[in-house]
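One structure below.
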Amino acid sequence: MLAIPTPRIHQRLKQVLVLASGSALAAIILTMWVTEYLPPYLRWPLVVLLVVLVSIVWVSVLRRQVVELVEIPLAQCVEAAEAIADGDNSRRVPVGQTHEFAQLATSINRMTEQMLAATQSRMRIEKLATMGRIAAGISHEIGNPLSAIANYAHVLRMRTADVPGTAEPIDALEHEITRIDRIMRGLLDYARPRRLTPKPIVVDEVIDDVVRLLNDQGIVRRFRVTRGLEAPEGLVYAERHDLEQVFVNLLLNAVDAMDREGDVVINSRINDAESITEAIDKRRTDPTPQRWTHRPSKRALAWLSRPESPSRFLQIVMADSGTGVAPEDEERIFEPFFSTKQPGKGTGLGLAIVASTIENLGGTIWVQRAREGGAAFVILLPLHSGSSGLPALTSGERPAVL
């Protein structure tokens, strides 16, 4: 059903005034016609009396319209604004009968919703910051006793090497100690700043090394990993360890999302803002010929619209055939301590560290549905000025992205 547009105030007043003036004029003409044969001393007093009555009615109608169209809606807006200012976030301005007050009510209500969302977001950020500080402090305090437990476990292994049935529980103990240590290191890396010594890094080489490392450890050996690395000259000004951590976390996340077997596809290329949403031709892993259009998320569009964002950048896509990410979780998965995995299977810090690292490098990351059926993580990173097609840095210059 189409919405009926509300009239403007001057239109409503114009309609009422035309109707009232027409009715008054008709009444005066009718009275003069009826009293045409009366003596003048009776006729003109009646006409004057009628004009006075018509004027009173005309002013009364006009006043009533001003009250209904202006004063009452204005009072409602003021009352609602005062209530909102006093903390009643559930209060909303009723939509008026005219276009001006309907637009004003909509704007105030939208401002209230945004203010409420901003307040909730700020409270949530403050809560996360407090939790991060507490967790970082706890992690630091736990470090020393955990190291002692690890040493005792190592001594216990040596002293019970010949005792049957002890190797398995000691292996489990050391595995859990390692997991606790990994969780604590993740908390500390997320909460505290580190001194960085970045340098130009070839990202394709980092991806190759990470895949080779995880394959040697047997983590991705049962999965089909396809690499389409087309940016051998794409340099990024970063620390190699940070990039390795990013791709290890994303690969481990893809492995956890798949059950025993599946496909992981990693692509890289130098791209630009104009062609980032263009359709992509069929890959050799696709079952049927088709073209895919990847729409950047709001996060990516905001990054692309910034004045300091580069016109050309390195684009990395890591896709899997796992369970994917629900649309309502596409932003939340980058928040600390949020995890879609079963309890005990994830800390909720891996993707938060990935997003934090990418943003520190001046880039952005988002997730979307992959053509393989799972999740596709898309990373955009500003290129180092020594990359192909970009001007080289002069001596002593630093890239503007850091």
Side-chain angles (χ1 to χ4, degrees), residues 129 132 136 139-140 182 184-214 227 229-253 266-273 276 296 299-300 302-318 334-336 349-367 377-402:
S139 298
H140 182 74
R182 185 171 65 250
M184 291 192 309
R185 290 183 184 277
L187 284 170
L188 292 174
D189 287 341
Y190 189 82
R192 68 186 180 189
R194 296 185 294 112
R195 181 178 293 275
L196 301 178
T197 56
K199 59 182 180 180
I201 301 292
V202 180
V203 178
D204 284 5
E205 295 179 359
V206 177
I207 296 175
D208 282 331
D209 292 343
V210 167
V211 173
R212 188 181 305 111
L213 172 66
L214 296 183
R227 280 168 282 178
L229 306 180
E230 303 175 1
E233 298 181 355
L235 300 177
V236 172
Y237 199 70
E239 283 205 3
R240 186 180 182 89
H241 169 75
D242 289 342
L243 291 176
E244 289 175 346
Q245 188 178 32
V246 166
F247 297 119
V248 166
N249 278 328
L250 290 178
L251 272 172
L252 293 179
N253 188 75
I266 309 173
N267 290 327
S268 70
R269 64 170 176 161
I270 296 177
N271 206 346
D272 56 67
I276 191 172
R299 165 199 299 253
W303 183 82
L304 291 169
S305 63
R306 295 187 310 180
E308 65 272 19
S309 293
S311 58
R312 302 182 73 236
F313 42 80
L314 179 65
Q315 177 179 334
I316 305 107
V317 180
M318 185 175 295
F334 298 112
E335 298 174 358
L349 284 172
L351 291 178
I353 292 174
V354 167
S356 176
T357 302
I358 296 299
E359 290 171 359
N360 288 337
L361 295 176
T364 187
I365 181 173
W366 75 92
V367 65
F377 288 88
V378 185
I379 299 173
L380 305 182
L381 289 172
L383 291 167
H384 177 57
S385 55
S387 300
S388 177
L390 294 176
L393 285 175
T394 60
S395 177
E397 278 188 329
R398 307 281 283 183
V401 296
L402 291 181

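Given the structure is predicted, the values throughout are model-derived calculations rather than measurements.
- The CG atom of Leu250 sits 5.0 Å away from the CE atom of Met318 when rounded to the nearest 0.5 Å.
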Using the rule given for side-chain contact (heavy atoms from CB on, under 4.5 Å), can you reason through Leu235 versus Leu383, listing the C-alpha separation, both sets of side-chain angles and the distance that settles it, and then say yes or no? CA-CA 6 Å; Leu235 300 177; Leu383 291 167; over 6 Å; no

Just do the side-chain contact (heavy atoms from CB on, under 4.5 Å) check on Ile270 and Arg312 with the steps written out, would you? CA-CA 7 Å; Ile270 296 177; Arg312 302 182 73 236; 3.2 Å; yes

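- Applying the salt bridge (charged side-chain N to carboxylate O under 4.0 Å, His left out) rule to Arg240 yields the partners Asp209, Glu244; only residues at least two apart in sequence or on another chain are considered.
- In this structure, the side chains of Val206 and Ile201 come closer than 4.5 Å at one or more pairs of heavy atoms.
- Within the model, atoms CG of Leu361 and OH of Tyr237 stand 11.5 Å from one another, a figure rounded to the nearest 0.5 Å.
- Side-chain N/O atoms of Ser268 and Asp204 include a donor and acceptor closer than 3.5 Å.
- One distance of note links CD of Glu233 with CG of Leu314; it measures 12.0 Å at 0.5 Å rounding.
- For the atom pair CG of Leu380 and CZ of Phe313, the computed distance is 5.0 Å after rounding to the nearest 0.5 Å.
- For the side chain to side chain contact (heavy atoms under 4.5 Å, CB included) with Ile316, the lone residue among Ile207, Asn267, Val378, Leu243 that qualifies is Ile207.
- The distance from the CZ atom of Phe377 to the CH2 atom of Trp366 is 12.5 Å, given to the nearest 0.5 Å.
- Residues Phe247 and Asp208 are not in side-chain contact: their nearest non-hydrogen atoms beyond the backbone lie 4.5 Å or more apart.
- Between Val211 and Ile266, the closest side-chain pair of non-hydrogen atoms falls below 4.5 Å.
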Could you please spell out the steps behind the side-chain contact (heavy atoms from CB on, under 4.5 Å) verdict for Val317 and Gln315? CA-CA 7 Å; Val317 180; Gln315 177 179 334; 3.7 Å; yes

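- Between the Asn360 side chain and the Ser356 main chain, a donor and an acceptor come within less than 3.5 Å of each other.
- Thr357 places a side-chain N or O within 3.5 Å of a backbone atom of Ile353 that can act as its donor or acceptor partner.
- The two residues His384 and Pro200 come nearest to each other via the heavy atoms NE2-CG, 3.3 Å.
- Rounded to the nearest 0.5 Å, atoms CD1 (Ile365) and CH2 (Trp303) are 12.5 Å apart.
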